[in-house]
Undergrad: 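Encoded as structure tokens, here's the structure I'll be asking about.
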Amino acid sequence: MKLFLAEPFATKWADRDPFAEAFAISGETYRDMGDRRTSRFECDGRAFFIKTHAGVGVGEILKNLLYLRVPVLGAENEYRAIARLKSLGVDTMTAVAFGRRGSNPASEQSFLITEALEPTEPLDEYCNPQVLREMGVAERRALVKRVARIARSLHDHGVNHRDFYLCHFLLDTSPDYAGVAVSKRPIYVIDLHRVQIRRRTPRRWRHKDLAALYYSARRVGFDDRDVWCFLRAYKQQSLSKVLAEGGSFYRSVKREADHLHSKGIRKGYHE
């Protein structure tokens, strides 16, 4: 068994079964996948999110192995990913409680509680075409470079997200940052459930992350000039060198993004 409890849960659950307490928490359900549930709740006047995992079952494990994928069995992967991002200086969630128990991977129980990031807004909702126009070129480029630095920091340190869409970048919209340029506000990377951590990020997974980012950025109004600005910051090269050496890299990312677009159309995600 693994267990981590910070306040207020360290005190509240001191003489109780933390797993029973965690799984009994009721709140506003954001996602319910049967074996995995995400809910928002309040405790002592503070807002939190809890993810509970009740075991994926043998069938799900076998399906992942059949497709040569390592199955994500519970909350520990996200708990470890939070710690890794924080060690890299990338803004993300703050874990206040985590637990895992059970020796059978198919039936282990786990939970993760994080502080709610409020008020925030996903970048894909904040950055509509009108907002991007009103930002002005300098601020728009500054925001693109900020996102590129986040991506580079993750990939250069063996981390890939696997769901690297703009909806998983939360912009801090609290009154503390009223009047502060978007590019200078905290931007939190969330939804780390499927993050992979290695010594080195394979080219294939870099491309998949960047394709997801490219796909979602183009949908909200970022253009080709923003793409090249991103690549300059991501690759830390001059524009001339990016244009000379980055053509195949860009085409590979774009092909993957086009695949995501086609996949979305098949699933009815587009008009």
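Sequential numbering from 1 along the given sequence is applied to the chain's residues. The model shown is predicted, which means the values in this text are computed figures rather than measured ones. Computed over heavy atoms, backbone and side chain alike; hydrogens, waters and symmetry mates excluded.
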Undergrad: Do you know which two heavy atoms are closest between Thr114 and Ala95, and how far apart they sit?
TA: CG2-CA, 4.1 Å
Undergrad: If only atom types and distance count, is the side chain of Ser216 paired as donor or acceptor with the main-chain N or O of Ala212 below 3.5 Å?
TA: yes
Undergrad: Between Ser183 and Glu139, do the side chains contain a donor N or O and an acceptor N or O under 3.5 Å apart?
TA: yes
Undergrad: Could you pull out the closest heavy-atom pair between Ala233 and Ala148, with the gap in Å?
TA: CB-CB, 3.6 Å
Undergrad: Is the closest side-chain heavy-atom distance between Arg152 and Gln236 below 4.5 Å?
TA: yes
Undergrad: Using 0.5 Å steps for rounding, measure from the CG atom of Leu132 to the CG atom of Leu143.
TA: 8.0 Å
Undergrad: Would you list the pairs meeting salt bridge (Lys or Arg N to Asp or Glu O under 4.0 Å) in which at least one residue belongs to residues 167-191, sequence neighbours left out?
TA: Lys51-Asp191
Undergrad: Is there a continuous path of hydrophobic side-chain contacts, each under 4.5 Å between heavy atoms, that joins Val96 to Phe23?
TA: no
Undergrad: Is any side-chain heavy atom of Leu192 closer than 4.5 Å to one of His161?
TA: yes
Undergrad: Atom CG of Asp44 and atom CZ of Phe9: how far apart are they, to the nearest 0.5 Å?
TA: 8.0 Å
Undergrad: Is any side-chain N of the basic residue among Glu134 and Arg140 closer than 4.0 Å to the acidic one's carboxylate O?
TA: no
Undergrad: Compare all side-chain heavy atoms of Val220 with those of Leu166 and state whether any distance is below 4.5 angstrom.
TA: yes
Undergrad: Are the side chains of Phe111 and Leu3 in touch, meaning some heavy atoms are under 4.5 Å apart?
TA: yes
Undergrad: Given Ser39 and Glu28, is the side-chain hydrogen bond (donor to acceptor under 3.5 Å, both in side chains) satisfied, shown in steps?
TA: CA-CA 5 Å; Ser39 302; Glu28 181 183 359; over 6 Å; no
Undergrad: Among the clusters formed by ILVMFWY side chains lying less than 4.5 Å apart, do Met135 and Phe230 turn up in the same one?
TA: yes
Undergrad: Go through the structure and list residues passing side chain to side chain donor-acceptor pair (under 3.5 Å) with Arg46, not counting sequence neighbours.
TA: Glu115
Undergrad: List the steps, then state whether side-chain contact (heavy atoms from CB on, under 4.5 Å) holds for Glu256 with Lys208.
TA: CA-CA 7 Å; Glu256 186 71 28; Lys208 282 186 174 294; 3.2 Å; yes
Undergrad: Under the criterion side-chain hydrogen bond (donor to acceptor under 3.5 Å, both in side chains), I'd like the reasoning laid out for His155 against Asn160: C-alpha separation, chi angles, the key distance, then a yes or no.
TA: CA-CA 6 Å; His155 292 163; Asn160 62 283; over 6 Å; no
Undergrad: Taking side chain to side chain donor-acceptor pair (under 3.5 Å) as the definition, give me every residue that meets it alongside Arg218, ordered by chain and number, with sequence neighbours left out.
TA: Tyr214, Asp224
Undergrad: Is any side-chain heavy atom of Tyr165 less than 4.5 Å from a side-chain heavy atom of Leu213?
TA: no
Undergrad: How far apart are the C-alpha atoms of Arg194 and Gln196, what are their side-chain angles, what is the distance that settles it, and do they pass the side-chain hydrogen bond (donor to acceptor under 3.5 Å, both in side chains) test?
TA: CA-CA 6 Å; Arg194 301 205 306 146; Gln196 295 174 325; over 6 Å; no
Undergrad: Can the ring centroids of Phe41 and Phe48 be said to lie less than 6.0 angstrom from one another?
TA: yes
Undergrad: Does the distance from a Lys or Arg side-chain N to an Asp or Glu carboxylate O, for Glu108 and Arg100, drop under 4.0 Å?
TA: yes
Undergrad: Are Lys86 and Asp91 ion-paired here, with the side-chain N under 4.0 Å from a carboxylate O?
TA: no
Undergrad: In Å, rounded to the nearest 0.5 Å, how long is the span from CD1 of Ile190 to CG of Leu117?
TA: 7.5 Å
Undergrad: Distance from Lys241 atom NZ to Leu231 atom CG, nearest 0.5 Å?
TA: 14.5 Å
Undergrad: Run the numbers on Gln237 and Arg232 for side-chain hydrogen bond (donor to acceptor under 3.5 Å, both in side chains), then give the verdict.
TA: CA-CA 5 Å; Gln237 295 175 342; Arg232 283 180 64 194; over 6 Å; no
Undergrad: With a 4.5 Å limit on heavy-atom distance, are the side chains of Val144 and Val227 in contact?
TA: no
Undergrad: With distance as the sole test, does Thr11 use its side chain to make a donor-acceptor pair with the main-chain N or O of Pro8 at under 3.5 Å?
TA: no
Undergrad: Does Pro119 offer a backbone N or O that forms a donor-acceptor pair with the side chain of Thr173 under 3.5 Å?
TA: yes
Undergrad: How long is the span from the CZ atom in Phe19 to the CE atom in Met1, to the nearest 0.5 Å?
TA: 5.5 Å
Undergrad: Is it possible for you to say whether Phe4 and Ile82 belong to one hydrophobic cluster, with membership spreading through side-chain heavy-atom contacts below 4.5 Å?
TA: yes
Undergrad: Is the distance between the ring centroids of Phe49 and Tyr30 under 6.0 Å?
TA: yes
Undergrad: When rounded to the nearest 0.5 angstrom, what distance separates SG in Cys127 from CG in Asp226?
TA: 10.0 Å
Undergrad: Does the pair Arg162 and Asp209 meet the rule for a salt bridge (Lys or Arg N to Asp or Glu O under 4.0 Å), with working shown?
TA: CA-CA 6 Å; Arg162 297 179 71 191; Asp209 270 3; over 6 Å; no
Undergrad: Would you say the rings of His193 and His53 are close, in the sense that their centroids are separated by under 6.0 Å?
TA: yes
Undergrad: Any idea which heavy atoms bring Ile187 and Arg146 closest together, and the distance?
TA: N-NH2, 3.5 Å
Undergrad: Backbone N or O of Ile150 within a donor-acceptor pair of the Ser153 side chain at under 3.5 Å?
TA: no
Undergrad: Given Glu118 and Arg40, is the side-chain contact (heavy atoms from CB on, under 4.5 Å) satisfied, shown in steps?
TA: CA-CA 11 Å; Glu118 298 174 345; Arg40 180 190 181 278; 2.7 Å; yes
Undergrad: If you measure from the Lys or Arg side-chain nitrogens to the Asp or Glu carboxylate oxygens, is any gap between Arg219 and Asp124 under 4.0 Å?
TA: no
Undergrad: Quick check on side chain to side chain contact (heavy atoms under 4.5 Å, CB included): which of Val189, Leu123, Asp163 does His168 satisfy it with?
TA: Asp163
Undergrad: Looking at Arg198, Arg206, Arg200, which one forms a salt bridge (Lys or Arg N to Asp or Glu O under 4.0 Å) with Asp156?
TA: Arg206
Undergrad: Within the structure provided, determine whether Met93 and Tyr188 are in side-chain contact (heavy-atom separation under 4.5 Å).
TA: no
Undergrad: Quick one: does Thr92's side chain have a donor or acceptor within less than 3.5 Å of a partner on Leu85's backbone?
TA: no
Undergrad: Taking a hydrophobic cluster as the set of Ile, Leu, Val, Met, Phe, Trp and Tyr residues connected by side-chain heavy atoms closer than 4.5 Å, whether directly or through intermediates, do Ile50 and Leu112 fall within one such cluster?
TA: no
Undergrad: Counting C-beta onward and ignoring hydrogens, is there a side-chain heavy-atom pair between Phe98 and Glu78 closer than 4.5 Å?
TA: no
